[in-house]
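We name chains A, B, ... by the order of the sequence lines, and we start the count at 1 in each one.
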Amino acid sequence: MSEYKIALTGVTYRYSPDTPYETRALDNVSVGFESGKITGVIGHTGSGKSTLIQMLNGLLKPDSGEVTLDGADIWANPKKISSVRFKVGMVMQYPEYQLFEETVRKDIAFGPQNMGMNEDEVKKAVEDAAAVVGLTEEQLEKSPFDLSGGQKRRAAIAGIMAMKPEVLVLDEPAAGLDPEGRESILNAVEKYRNETGATVIIVSHSMEDMARRCDNIVVMSHSKIILNGKCDEVFTNSEKLTDAGLDIPQITRLMMLLRSKGVDVDSKIYTVDRAEQALLKLFAEREATR
Amino acid sequence: MKSISLGQYYASGSILHKLDPRTKVLLGMLYIVCTFLCKNIIAFGLLFLSGILLIAIAKIPFKIILRSLRPIIFIMLFTVVINVFWTTGDRLLFSWSFINIYAEGLYNALFMAIRIIMLITGTSLFLTYTTTPIQLTDAIERLLAPLKRIKVPVHEFSMMMTIALRFVPTLIDETERIMSAQKARGADFSNGSLVKRAKALIPILVPLFVSAFRRADELATAMECRCYHGGEGRTKMTVTRMQGSDITALFAMIVFGTVIVLINYYAAKYGIGYTM
C-alpha cells in the first residue's frame with residue numbers, strides 16, 4: 001500500500017443511520033490513489049462517488065474502516081483534521097457558489113490566509129494559482145459576481161489550488177460548462193499536477209474527458225468499487241461498465257463496431273487521437289496493397 | 001443540521017394520513033382547545049391517554065415523537081420549576097427558609113408538563129407528521145377562502161407559505177454544502193471569540209443569500225413561463241372532499257372536548273381528585 005498517497009481501507013458509511021431513511025453510501029470500500037497520478041472516479045448518480053471523495057479530506061467520518069494519508073490514519077487525532085484539509089484540497093460540485101469576497105483576489109486568498117501564510121506568501125500563492133487557471137490581473141480585481149460562469153468556476157478552483165494541496169480532489173469540475181470551458185478547467189488541473197506533482201482525483205460523468213486525462217480509473221456502482229485500474233483495462237471492460245449503467249467511450253464503441261464488421265482495428269482504443277492514428281495507419285496500409 | 005425535526009412528514013399510511021387536510025387543521029385547533037380546557041387530574045389523565053391513542057392510530061414510532069420533544073425540554077423544565085416553587089396552596093409539603101413547596105405546586109407542575117407535551121405532540125400529529133406541507137397550505141387556503149370576500153390575499157399568502165416550506169430543506173442542504181466547501185478551505189466555525197465566530201459566518205451567509213436570490217429569480221421566471229398569474233380561476237389537480245371518516249373524526253373530537261368539560265365540572269362539584 002506504500003505507493004498510495006491516500007487510501008481507504010474497508011470504509012463503510014451510512015446516511016441518516018437508524019431512521020427509515022437510512023442509506024448505505026459506501027459498503028466496505030477499499031481503494032488507493034497513486035501518488036502524482038490523475039485518477040478518475042466514475043459511476044452512476046447515487047453510486048457513492050461524492051461520499052467517497054468527502055471521506056478523503058475528513059468532511060465525513062467513516063462509520064468503520066480507515067482513511068490513510070501518507071500511511072497515517074487521518075482520524076488518529078480528530079482535532080488535527082484541519083491540517084488534513086490543508087493537504088487534501090477539495091473542490092466541491094459547482095464551486096462557484098462558494099465565492100463570497102469583494103474581489104476575486106481576496107476570495108482566492110481566503111484559503112491561504114486560513115492556513116496562516118504571511119502577506120507575501122499569500123500574494124504569491126494567489127498569483128501562482130491565478131496563472132495556473134488562466135485568470136488575468138484585471139480579472140483578479142473584479143467582483144467574483146461579475147465574472148462569467150466559466151471564469152467563476154476557475155476562480156473557485158484557484159481558491160483551492162492557492163492552498164498548494166498535495167492531493168487535489170475535484171467533484172464534477174466541468175459540469176454545466178461549454179466545451180471550451182471544460183477544456184480550460186481540465187487543462188488547468190493537468191497543469192497543476194505537472195507543476196506540483198500533486199495527486200489528483202476527479203469525479204466525472206464524462207467518459208471522454210476521463211479517457212483523455214486520467215492515468216487510472218475507479219468505477220463505482222451501488223456503493224461498491226467494481227473496477228479499478230489503468231484506463232485501457234477499465235474502458236475496454238464494456239460488460240461491467242454497462243452493468244453499472246455507464247457508457248463506454250463513444251470512440252471505443254465505434255472501434256468495437258468496426259471490428260465486428262471485419263475491420264482490423266484495435267478495440268482497446270479509447271481516445272480520439274489514438275483512433276485517428278489507427279485509422280490513418282489502416283488507410284495507409286490499404287493504399288500500399290492496392 | 002439534518003437532525004432539525006420540525007415534525008417532518010412521516011409516511012405510514014394510517015387512517016389519520018387519509019383524512020382531509022382541512023379536517024386535520026380543525027382537529028389540531030380543537031385539540032389545542034382541549035388541552036387548555038383540562039382542569040382536573042382525571043381530565044389530564046384522559047388527555048394523556050388520548051395522546052398515546054393518537055400516536056398509535058397514526059402509526060408513528062414512539063422514538064420519533066420523543067425526538068420532536070427534545071427542543072422543548074428547556075421550556076418544560078422552566079415551567080415546572082416556576083410552578084413547583086411559586087404556587088401557593090393549603091397543603092405545605094416542604095419548607096426551608098424562603099422555599100415553600102405545596103402539593104398544589106407539584107400538581108400544577110405535572111399538569112403544565114402534560115399540557116405542553118400534548119400541545120406539541122397533538123399538533124404535530126395532526127399537522128406535520130400526517131400531513132405534507134403542500135396539503136397543509138392547501139387546506140389553510142381553502143379554510144380561509146371566505147376571507148377573499150373582504151380582499152384578504154389568501155391565495156398569495158398560501159402560495160408564499162408553500163414556497164417557503166418547499167425551500168427549507170433546499171436551503172438546509174445548500175448551507176451544508178457551502179459549509180463543507182468553506183471548511184475545505186480551512187474556515188473554522190466552532191473556535192474563537194464571539195466576534196471571530198460571527199465573522200466566520202460571512203463566507204456562509206454571502207453565498208447563501210446570493211443563491212437564495214438566484215433561486216427566487218429562477219422560480220419567478222419558471223412560474224411566469226407557465227402562465228402563473230395568481231389565484232384567480234386557478235384549479236387544483238387534486239381536490240380533496242370531506243368524507244364520512246372526516247365527520248366522524250371531528251365528531252369524536254367534539255365529544256372528547258365535551259367529556260373533558262363535564263369531568264371538570266362534576267369533579268369540581270363533588271371534589272374528586274385535584275382541580276387546578
Greater than 12 external heavy atoms within 6.0 Å of [X]'s [atom1]:
{"X": "B:Phe78", "atom1": "CZ", "value": "no"}
{"X": "A:Glu22", "atom1": "CD", "value": "yes"}
{"X": "A:Glu102", "atom1": "CD", "value": "no"}
{"X": "B:Leu53", "atom1": "CG", "value": "yes"}
{"X": "B:Phe48", "atom1": "CZ", "value": "no"}

- [ ] Give, as side chain, backbone, both or neither, the part of B:Ser180 having an atom under 4.5 angstrom from any heavy atom of chain A.
- [x] both
Task: Contact origin within B:Ala187 toward chain A - heavy atom pairs under 4.5 Å - done: both
Open item on the list: Nearest 0.5 Å, please: how far is OH in A:Tyr97 from CD in B:Glu174?
Closed with: 8.0 Å
Task: Approximate separation, where rounding is to 0.5 Å, of A:Gln113 CD and B:Arg185 CZ - done: 10.0 Å
Task: Exam field: side chain A:Gln98 to backbone B:Pro207, donor-acceptor pair closer than 3.5 Å - done: no
- [ ] Heavy atoms only: give me the nearest B:Val206-A:Phe145 pair and the separation to one decimal.
- [x] CG1-CZ, 4.2 Å
TODO: Go through A:Ile160, A:Asn114, A:Val88 and name the one with the most non-hydrogen pairs under 4.5 angstrom from chain B.
DONE: A:Asn114
Open item on the list: Let's test your reading of the structure: which of A:Val169, A:Asp107, A:Asn57 forms the most heavy-atom pairs below 4.5 Å with chain B?
Closed with: A:Asp107
TODO: Below 4.5 Å from any heavy atom of chain B, which atoms of A:Met163 appear? Answer side chain, backbone, both or neither.
DONE: side chain
- [ ] Give, as side chain, backbone, both or neither, the part of A:Phe86 having an atom under 4.5 angstrom from any heavy atom of chain B.
- [x] side chain
- [ ] Decide whether a cation-pi geometry holds between B:Arg177 and A:Tyr94; the criteria are a distance under 6.0 Å from NZ or CZ to the six-membered ring centre and an angle within 45° of the ring axis.
- [x] no
